[in-house]
Amino acid sequence: MRYDEIIATVQELTGLPDRAAAASATKAVLLTLGERLPSGLAAHVAAQLPPELAAPVREAVREADTEGRTHASAERFGLPVFAGRVADRAGTSEDGGIREAAAVLEVLDAALAPDLMDKLAAVLPHDIAELLPSGRARA
């Protein structure tokens, strides 16, 4: 998917007022997701995204490298921290952060290779994985 398609779809799914808000929300979710994923998997996600959206994921990978986390490790946090970080970065409420995260994850499900989304779903904790489209979330 192209950058414009991703942002337009996020805007449509979230009901955000404009493309700038949708872009901000998308980047906030991707940065936070990048922090939660093992850096190797995050790098694979970034490789399948348009450059504008790969940047926040790669930023999280660089931060992990700076902090000395291994290629296979990730920050460990659940939905409350995930939603709080998205909300802070996007300038919204935690409920807004959850809504925006669910929309971005739905778009990622369409934009990324299915096997990569399976890997992403497998490493997320259950409460965050519940934000994935219903066919993708773990039981």
Flag the pair [X] / [Y] as yes when at least one side-chain heavy-atom distance between them is below 4.5 Å, and no otherwise.
| X | Y | value |
| --- | --- | --- |
| Leu41 | Val123 | yes |
| Leu33 | Val86 | no |
| Ile6 | Val104 | no |
| Leu132 | Met117 | yes |
| Leu108 | Leu30 | yes |

At what distance, to the nearest 0.5 angstrom, does [atom1] of [X] lie from [atom2] of [Y]?
| X | Y | atom1 | atom2 | value |
| --- | --- | --- | --- | --- |
| Leu105 | Glu100 | CG | CD | 12.0 Å |
| Ile7 | Gln11 | CD1 | CD | 9.0 Å |
| Asp127 | Phe82 | CG | CZ | 10.0 Å |
| Leu37 | Thr32 | CG | OG1 | 10.5 Å |
| His44 | Lys119 | NE2 | NZ | 6.5 Å |
| Arg99 | Ser93 | CZ | OG | 6.5 Å |

Linking I/L/V/M/F/W/Y whenever any side-chain heavy atoms sit under 4.5 Å apart, do [X] and [Y] land together?
| X | Y | value |
| --- | --- | --- |
| Leu120 | Leu53 | yes |
| Val61 | Leu116 | no |
| Val45 | Val10 | yes |
| Leu31 | Tyr3 | no |

Specify the closest pair of heavy atoms between [X] and [Y], including all atoms of both residues, with the distance to one decimal.
| X | Y | value |
| --- | --- | --- |
| Arg19 | Ala8 | NH1-N, 3.9 Å |
| Ala42 | Gly34 | CB-O, 4.1 Å |
| Ala25 | Ala90 | CA-CB, 4.0 Å |
| Thr92 | Gly97 | CG2-N, 3.6 Å |
| Ala55 | Arg62 | O-NH2, 4.4 Å |
| Ala60 | Glu35 | CB-N, 3.6 Å |

With the threshold set at 4.0 Å, does a side-chain nitrogen-carboxylate oxygen contact exist between Glu52 and Arg2?
-> no
Salt-bridge present (Arg36, Glu75; N to O < 4.0 Å) = no
side-chain contact (heavy atoms from CB on, under 4.5 Å) between Leu112 and Leu49: does it pass, once the steps are laid out?
-> CA-CA 8 Å; Leu112 300 178; Leu49 292 172; 4.0 Å; yes
Evaluate the criterion side chain to side chain donor-acceptor pair (under 3.5 Å) for residue pair Glu130 and His126; output intermediate values, then yes/no.
-> CA-CA 6 Å; Glu130 285 181 347; His126 182 72; 2.7 Å; yes
Check: Ala20 main-chain N/O paired with Ser24 side-chain donor or acceptor under 3.5 Å = no
